[in-house]
2 protein chains.
Amino acid sequence: MNLLLLFDDDFVDAHRVRLTGRRREHVMHVHRAGVGDALVVGRAGGRVGEGTIVRLDDDALELDVVLDREPPPALPLTLVLALPRPKVLNRVLAGATSMGVKRIVLVNAWRVEKSYWKSPRMSVENLLLQRVLGLEQARDTILPSIDVQRFFRPFVERELPELARGSLAVVAHPGARDECPRNVGQPVTLVIGPEGGFIDEEIASLEKAGFAPVSLGERVLRVETAVAALLGRLF
Amino acid sequence: MNLLLLFDDDFVDAHRVRLTGRRREHVMHVHRAGVGDALVVGRAGGRVGEGTIVRLDDDALELDVVLDREPPPALPLTLVLALPRPKVLNRVLAGATSMGVKRIVLVNAWRVEKSYWKSPRMSVENLLLQRVLGLEQARDTILPSIDVQRFFRPFVERELPELARGSLAVVAHPGARDECPRNVGQPVTLVIGPEGGFIDEEIASLEKAGFAPVSLGERVLRVETAVAALLGRLF
């Protein structure tokens, strides 16, 4: 945790917050901080600054906060991900958030197992927690949106072209002839398939929706590795 | 597992292998393959090809293999990593291996907790397993070397300059003024610090050894995210 993320409900007056639960425990037992210590803090959706601990015990953590600078710039990217297996989902969400992605769409695909949609990790609470962990990692405050699209075809045919308008539209597809472009200097809509990849019909639908298949070479990467490598290359 | 990695000991004759343990179980229960099915296989240190299952039961998996093509090209990179916390170590080793890194050095640093060196994950068996998992992911066969350097200064002063000779030498350091270069088209030696970063003295030692501090921007990334993003950008 490189930044303590604060929400409106945490504020007991304009410059003081009171925290309990995970954040209090982390500051007490991992940071091993005490009264008088200063931590990097940020207000969800707002500015970043410093919080000075005025109370820390088994009940609560209280800080006086000064928020005086902007969070890091966002990546101009919409990330459309075939729903990863639950074990991987958390890491991908936190990782993409830490890199500055602000718009994530989780979509079904032929090779997405139905059971993934029913995982407890798809709960609203967990989807929020993973994004918060990503923001805390990168000292950011702007939560990415997550849009859940249970049906591939209607989403790709009716919504995706509009979503991708004005951006470079690419689908990462191992074995595609074209290399993923570099340092593109423009907004990107990036689609990433499931383990095992999209099937031919899905790639055809995506091409019809204006997406160019691109690859990082012949290696098949895990989705969290692929996301980070693609973003490192595109921006 | 996108490739079944075969070792010399697995061969019962020139074209037949017999496997037990993790690989047999994976093919039986995850691939749910059966006699007559073909799998992508590769011989450690050698070629890639196809294996046809001739026996699969609770005791053994036997395949007839034809190895007819080269593994994917390697990245011309030496990755020098401050030893990550054990939880992260596995993912970083498998991830870097999957991207084609062939030379990994694990080194101590001020902010590496001493206990990390005693973790069971530092066993020879686990260090091998994680690299094998990375090769299986990326359909590669060439195992990266891992060199363990318990002492930072003697390593950086006496060995690192020779190790980095002829390559672009960079240390990833959040907050460095220079951006990480892109698509460099030459061998790279990349040093990555621990959680919390290298201390000033360590950066000074690395600079003296010829390493330029570079950054990916103001965001602090987890080491596995940083490695993939940096490699995506450098190559």
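Every heavy atom of this structure was used, including side-chain atoms; hydrogens, water molecules and symmetry mates were not. Chain A is the first sequence line, chain B the second, and so forth, proteins listed ahead of strands; every chain is numbered from 1. Worth saying up front: this structure is predicted, and the values here are computed from it rather than measured.
Looking at every heavy atom in both residues, A:R219 comes nearest to B:P72 through NH2-O, 3.5 Å.
Contacts from residues 76-93 of chain A to chain B, taken as heavy-atom pairs separated by less than 4.5 Å, involve A:R91 in sequence order. Within residues 222-235 of chain A, the residues having any heavy atom closer than 4.5 Å to a heavy atom of chain B are A:R222, A:T225, A:A228, A:A229, A:G232, A:R233, A:F235, listed by residue number. Interface with chain B: from residues 127-145 of chain A, residues A:Q137, A:A138, A:R139, A:D140 qualify, criterion being any non-hydrogen pair under 4.5 Å. By a heavy-atom distance cut of under 4.5 Å, not one residue of residues 184-192 of chain B is near chain A.
Among the candidates B:V220, B:L221, B:N2, the residue making the largest number of heavy-atom pairs closer than 4.5 Å to chain A is B:V220.
Of the atoms belonging to B:N183, heavy atoms from both backbone and side chain fall under 4.5 Å from chain A. Both the backbone and the side chain of B:P73 have a heavy atom closer than 4.5 Å to some heavy atom of chain A.
Annotation for B:D68: atom CG counts as buried by contact number, over 12 foreign heavy atoms lying within 6.0 Å.
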